[in-house]
Amino acid sequence: MDSLQQRSSTVQEPLADSAYRPTPPPAWRPRTDPAPLLPDAEPLRVLGTDAVADADPALLRRLYAELVRGRRYNAQATALTKQGRLAVYPSTTGQEACEIAAALALEERDWLFPSYRDTLAAVARGLDPVQALTLLRGDWHTGYDPREYRIAPLCTPLATQLPHAVGLAHAARLKGDDVVALAMVGDGGTSEGDFHEALNFAAVWQAPVVFLVQNNGFAISVPLAKQTAAPSLAHKAVGYGMPGRLVDGNDAVAVHQVLTEAVARARRGGGPTLVEAITYRIDAHTNADDATRYRADGEVETWRAHDPVLLLERELTERGLLDEEGRRAAAEAAETMAAELRERMNADPVLDPMDLFTHVYAEQTAQLREQAAQLRAELEAEGESR
C-alpha cells in the first residue's frame, strides 16, 4: 500500500524545469495548413464583373436556356400540386442557378446525389421530367434507374445521401474509375449528423466528392442563425481538412465555375470540396407550407431583385449575346416542355398491386410469397364478382 501511494505521489509531482514544455509535442501539429482551406470573405461573383468577359458565350447561352426552362418547370410542377396530380412539390424557384450548374458541371460518367428538392438538377442532367416527379406523385420511391442516368434516388431523409456519395466516390477511386460524385444538400441538412460524418470520411479518404450546400436561408421555418454560429457554412470545411468555397448561388456562371473547378480537383486526386452557394427560396418550403408565418414579404421582394434568370438575361443582353428572338426561343422551348409535362401527368398511371412484392428482396421470402398469393387470390375474386 505504501509503495502504491508513493508511486501515485510521484506521478502527481510536477516535471523538472528542464523537461517542461510550454506547448504540446510536435505530434499535435495539423496535417495541413488551414489557411488555403478557408473560404473567401465574400461570395464569388462573375456576372457584373470583369471576369465575365472570360466566360464562354456558348456556355452562357446554354445556362440561360436551362434557367428559363427550369423556372417554367418549377411553375408547372407547383401548379400540378394544386390540381391534385402531385402530392407535394418542393420548389427551387430562385435557386435554379445552383440546380443547373450542378448538372452541367458533371461529366456523363459522374454521379449526382440529389435531395428531395433537387428534381430540377436531375432533369437538367437528362432525366425525364415525369420520372423525376414519380416519387412526389406517390407512385414509386424512384421512378428511374439510377445506374442509367447516374443519378442516385431523390433523397427525402435529410442528408442521408451524403455518406452514400462518399461511399460511391471512394469505391470508384479504389477501382480506378475516373468518377466524381456531387452531393447536394440544403442549409438545414448541415445540422444533421450525416453531413458531418460524410465530410469527415471524405476528407480522411480524400474521396473524389463535391458537397454543394444550397443555403436558401431557411430550414423550413428555421433561419440559419438558429442553426449555426459559424461565419459561414463554407467555414465548416476547414474543420474536416478540405477547402471551403463561398459563391453567389444566384450567379449561374460563378456557381458553374466553382463547381467545375471542384470537380476537376476531385478527379485529379485533390480530394473533396465543400461549396456553399448563397441563394434564396422564393416559394414556400413546399405547397403544404405557409412561409408568411416566418418571413416578411419585403425580404422576398429584395431577393426577387437578385433573380438568377434576370441576372443572366441582363448580362447576355448587355453583351449582345441575347436578343428578343433568343428570349422568345428559350421561352417557347420551356413552354413546350411544360405542355408535355402537363399532358403526361394528367394521364392516370396504370398500377399493378402485385408490384408491392416485386422489389422488396432479390429473392422473395416465404412470407412474401404467402402474402403475394393471398393478394392475388383476393384480386381474382374481386374480378370474378364484377
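For clarity, every value in this text was computed on a predicted model and none was experimentally measured.
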Reported [atom1]-to-[atom2] distance for the pair [X] and [Y], which is rounded to 0.5 angstrom:
X    : Y    : atom1 : atom2 : result
D251 : T49  : CG    : OG1   : 7.5 Å
H235 : L37  : NE2   : CG    : 11.0 Å
D283 : T93  : CG    : OG1   : 4.0 Å
E315 : L310 : CD    : CG    : 13.0 Å
T365 : Y361 : OG1   : OH    : 6.0 Å
T156 : L135 : OG1   : CG    : 4.5 Å

Test your reading of the model: is there a side-chain donor-acceptor pair from [X] to the backbone of [Y], 3.5 Å cut-off?
X    : Y    : value
N287 : Y89  : yes
R265 : G270 : yes
T279 : G94  : yes
D177 : R173 : no
D323 : G326 : yes

Worksheet item: Are any of the side-chain heavy atoms of E276 and L212 separated by less than 4.5 Å?
Response: no
Between [X] and [Y], how do the two ring planes meet: parallel, tilted or perpendicular, split at 30° and 60°?
X    : Y    : value
H196 : Y240 : tilted
F201 : W205 : tilted
F218 : Y294 : tilted

Count I, L, V, M, F, W, Y as connected when their side-chain heavy atoms are under 4.5 Å apart, and connections chain through other members. Are [X] and [Y] then in the same cluster?
X    : Y    : result
L312 : L322 : yes
L67  : I282 : no
L112 : V255 : yes
V179 : V263 : no
L224 : Y280 : no

Item to complete: Carefully, step by step, assess Q206 and M242 under the rule side-chain contact (heavy atoms from CB on, under 4.5 Å).
Response: CA-CA 9 Å; Q206 287 294 281; M242 69 179 71; over 6 Å; no
Looking at [Y] and [X], is there a salt bridge between them, counting it only when a charged N and a carboxylate O are closer than 4.0 Å?
X    : Y    : answer
E261 : R245 : yes
R69  : E66  : yes
D128 : R344 : yes
R72  : E335 : yes
D248 : R45  : yes
D145 : R147 : no
D178 : R109 : yes

Item to complete: Check D194 against A159 and note the closest heavy-atom contact, atom names and distance.
Response: CB-O, 3.3 Å
Worksheet item: Could you walk me through whether E325 and R328 pass the salt bridge (charged side-chain N to carboxylate O under 4.0 Å, His left out) check?
Response: CA-CA 5 Å; E325 183 179 350; R328 183 169 56 253; 5.3 Å; no
Tell me whether the count of non-hydrogen atoms from other residues, nucleotides or ligands lying under 6.0 Å of [atom1] in [X] goes above 12.
X    : atom1 : answer
D56  : CG    : yes
E197 : CD    : yes
R62  : CZ    : no
Q83  : CD    : yes

Practice prompt. Please identify each residue that fulfils salt bridge (Lys or Arg N to Asp or Glu O under 4.0 Å) with D40, with sequence neighbours left out.
Written response: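 Partners of D40 by the salt bridge (Lys or Arg N to Asp or Glu O under 4.0 Å) criterion come out as none, since no residue qualifies.
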Pair [X]-[Y], side-chain donor/acceptor within less than 3.5 Å:
X    : Y    : result
T286 : D289 : no
T317 : R327 : yes
N250 : E96  : no

Fill in: Test side-chain contact (heavy atoms from CB on, under 4.5 Å) applied to L259 and V275, step by step
CA-CA 8 Å; L259 291 179; V275 178; 4.1 Å; yes
Discussion item. I'd like to know whether R85 forms a salt bridge (charged side-chain N to carboxylate O under 4.0 Å, His left out) with D348, so could you lay out the CA-CA distance, the side-chain angles of the two residues, the decisive distance to 0.1 Å, and finally the verdict.
Written reply: CA-CA 9 Å; R85 289 297 178 181; D348 291 328; 2.6 Å; yes
Worksheet item: Taking R117 as the fixed residue, which of H285, Q95, E99 is the one that meets the side-chain hydrogen bond (donor to acceptor under 3.5 Å, both in side chains) rule?
Response: H285
Discussion item. If you apply the rule side-chain contact (heavy atoms from CB on, under 4.5 Å), what do you find for R150 with E108, and how did you get there?
Written reply: CA-CA 8 Å; R150 300 234 163 186; E108 185 177 352; over 6 Å; no
Item to complete: Please name all residues satisfying ring-ring contact (aromatic ring centres under 6.0 Å, His included) with Y73, sequence neighbours left out, ordered by chain then number.
Response: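 Applying ring-ring contact (aromatic ring centres under 6.0 Å, His included) to Y73 gives none.
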